[in-house]
Structure formats: C-alpha cells, structure tokens
Amino acid sequence: MSDTSWYFSQGGAQQGPVPLAQLQQMAAAGQVRPADLVWQAGMPQWTLAANVPALFGSGAALPLPVLPVEYYN
C-alpha cells in the first residue's frame, strides 16, 4: 500500500483524506479501529481497516460480538 491519501469512516461519517503515516498513528492510538472502514483511490470498495496490513498487520483481531445473556442460559 502506498503513502497516498486515505479516507476512513467512523459512525457513518467519512473522514480524510489523511496520509498513510497519519492513519497508522491513529490506528496505534486506537483512534482508528480494525472494524472501521478505510479506502484509498484505486481500491474497488471500502474495506475493514483490519484488512490493511500496513495498519494492523496481517492478523488483526476484530472484536467479538456481544451476545445477549439469554444465549448463555
């Protein structure tokens, strides 16, 4: 992935553009999470930030879903 401008989406609001280095800093600080969507020019569609090795490595863990209490009973 190149150092071109990136966009990210949080809470349904598109943010950016920001350079990859800034997006990496935001990911390291927890401001961009693996489940957030990201996109840069040339990509066919938005993807999970977890799918971008430059942000979270190749094995980023997504948060587990919270199941209702009834599920455990």
Side-chain angles (χ1 to χ4, degrees):
M1 303 276 163
S2 66
D3 198 29
T4 59
S5 296
W6 284 80
Y7 296 84
F8 59 100
S9 178
Q10 293 177 322
Q14 179 180 311
Q15 309 284 327
V18 298
L20 177 60
Q22 182 178 346
L23 197 60
Q24 289 171 319
Q25 291 173 348
M26 294 173 72
Q31 296 170 322
V32 172
R33 298 173 307 276
D36 290 332
L37 295 173
V38 296
W39 179 85
Q40 71 169 347
M43 293 176 64
Q45 60 190 20
W46 289 74
T47 188
L48 293 173
N51 294 336
V52 180
L55 295 179
F56 294 100
S58 60
L62 293 175
L64 295 174
V66 177
L67 298 174
V69 174
E70 299 82 35
Y71 178 82
Y72 298 104
N73 292 330

side-chain hydrogen bond (donor to acceptor under 3.5 Å, both in side chains): which pairs involve residues 14-36, sequence neighbours left out?
->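 As it turns out, the side-chain hydrogen bond (donor to acceptor under 3.5 Å, both in side chains) pairs with a partner in residues 14-36, which skip direct neighbours, are Gln10-Asp36, Arg33-Asp36.
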
For the residue pair [X] and [Y], what are the closest heavy atoms and their distance?
X: Val32; Y: Phe56; value: O-CZ, 3.3 Å
X: Ser9; Y: Trp46; value: N-CZ3, 3.8 Å
X: Leu55; Y: Ala27; value: O-CB, 4.1 Å

Evaluate the side-chain proximity of Leu37 to Thr47: yes if any heavy-atom separation is below 4.5 Å, no if none is.
->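 When only atoms from C-beta onward are counted, Leu37 and Thr47 do not touch, as no gap falls below 4.5 Å.
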
